[in-house]
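Structure first, commentary second.
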Amino acid sequence: DAKTTQPPSMDCAEGRAANLPCNHSTISGNEYVYWYRQIHSQGPQYIIHGLKNNETNEMASLIITEDRKSSTLILPHATLRDTAVYYCIVRVPLLGTASKLTFGTGTRLQVTL
Amino acid sequence: DSGVTQTPKHLITATGQRVTLRCSPRSGDLSVYWYQQSLDQGLQFLIQYYNGEERAKGNILERFSAQQFPDLHSELNLSSLELGDSALYFCASSVTGGGEKLFFGSGTQLSVL
């Protein structure tokens with residue numbers, strides 16, 4: 001799986017958009033970008049994933065650059081409950097039955113009043 | 001609620017002892033993953049099972065073992081416990097096993113005294 005680089009921490013004011021960047025310059029053509037988050041000591045939670053097109057769901061938007069070497073997770077209106085560690089993971093969603101989904105160190109997002 | 005159930009939530013034991021952590025995956029999910037999270041190591045992948053068979057292995061110690069039963073629940077056995085084994089242990093499940101969306105349980109906090 002491709003290596004990802006994320007800033008260790010970010011702050012965001014409540015109600016503003018939180019833009020979390022991720023660099024994955026060694027990504028290959030069939031690798032997807034996944035985002036998870038972990039709110040203090042809870043199990044990680046899936047947020048969104050994409051291949052090359054921008055994606056949006058009820059939680060967030062994912063913007064992937066045209067060369068796919070970086071992406072941004074956007075939380076449009078951050079709330080205090082969005083304070084968490086956000087993990088960007090790049091991998092191939094194998095059609096088979098084996099996977100070593102690896103989490104890096106992530107970005108600690110602090111949403112403040 | 002992710003639909004993944006882990007028991008017990010908390011476990012306190014002594015060095016040298018053996019414990020068993022249990023995980024019930026979401027209904028319909030065939031794959032189970034185990035992760036260890038300690039303060040200084042982040043989320044570490046331990047092992048993955050798919051439909052009763054081991055499929056992928058991470059940095060799992062020889063003192064640790066796991067299995068997935070015919071009803072698809074899984075157990076992680078930790079033996080000859082050491083102080084350093086104190087951590088949060090998460091189980092996750094997914095429909096297949098190719099690394100697509102994972103659903104995590106709320107974890108078992110193990111304290112070895």
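Residue numbers start from 1 in every chain, and the chains themselves are labelled A, B, ... in the order their sequence lines are given, proteins ahead of strands.
For a residue to count as touching a neighbouring chain, one of its non-hydrogen atoms must lie under 4.5 Å from one of that chain's; by this rule B:Tyr35 touches chain A with the side chain only. Residue B:Ser2 does not touch chain A at all, counting heavy-atom pairs closer than 4.5 Å. In this structure, chain A has no heavy atom under 4.5 Å from any part of B:Glu53.
Side-chain contact between B:Phe45 and A:Phe103 is absent, with no heavy atoms from C-beta onward closer than 4.5 Å. Residues B:Leu43 and A:Tyr87 have side chains in contact (heavy-atom distance under 4.5 Å, counting atoms from C-beta outward). Side chains of A:Tyr36 and B:Phe104 form a contact here, defined as non-hydrogen atoms less than 4.5 Å apart. Taking 4.5 Å as the limit, some side-chain heavy atom of B:Phe90 sits within range of a side-chain heavy atom of A:Gln38.
Applying the 6.0 Å contact sphere to CZ of A:Arg108 captures no more than 12 heavy atoms from other residues, nucleotides or ligands. Shown here is B:Leu61, whose CG atom has more than 12 heavy atoms of other residues, nucleotides or ligands within 6.0 Å. For B:Arg63, the CZ atom sits in a packed shell: over 12 heavy atoms of surrounding residues, nucleotides or ligands are nearer than 6.0 Å. More than 12 heavy atoms of other shown residues, nucleotides or ligands fall within 6.0 angstrom of atom CG in B:Leu113. Within a 6.0 Å radius of CG in A:Asn54, other residues, nucleotides and ligands contribute more than 12 heavy atoms.
In terms of hydrophobic clustering, with Ile, Leu, Val, Met, Phe, Trp and Tyr side chains grouped at heavy-atom distances under 4.5 Å, A:Leu62 and A:Ile47 are assigned to a common cluster.
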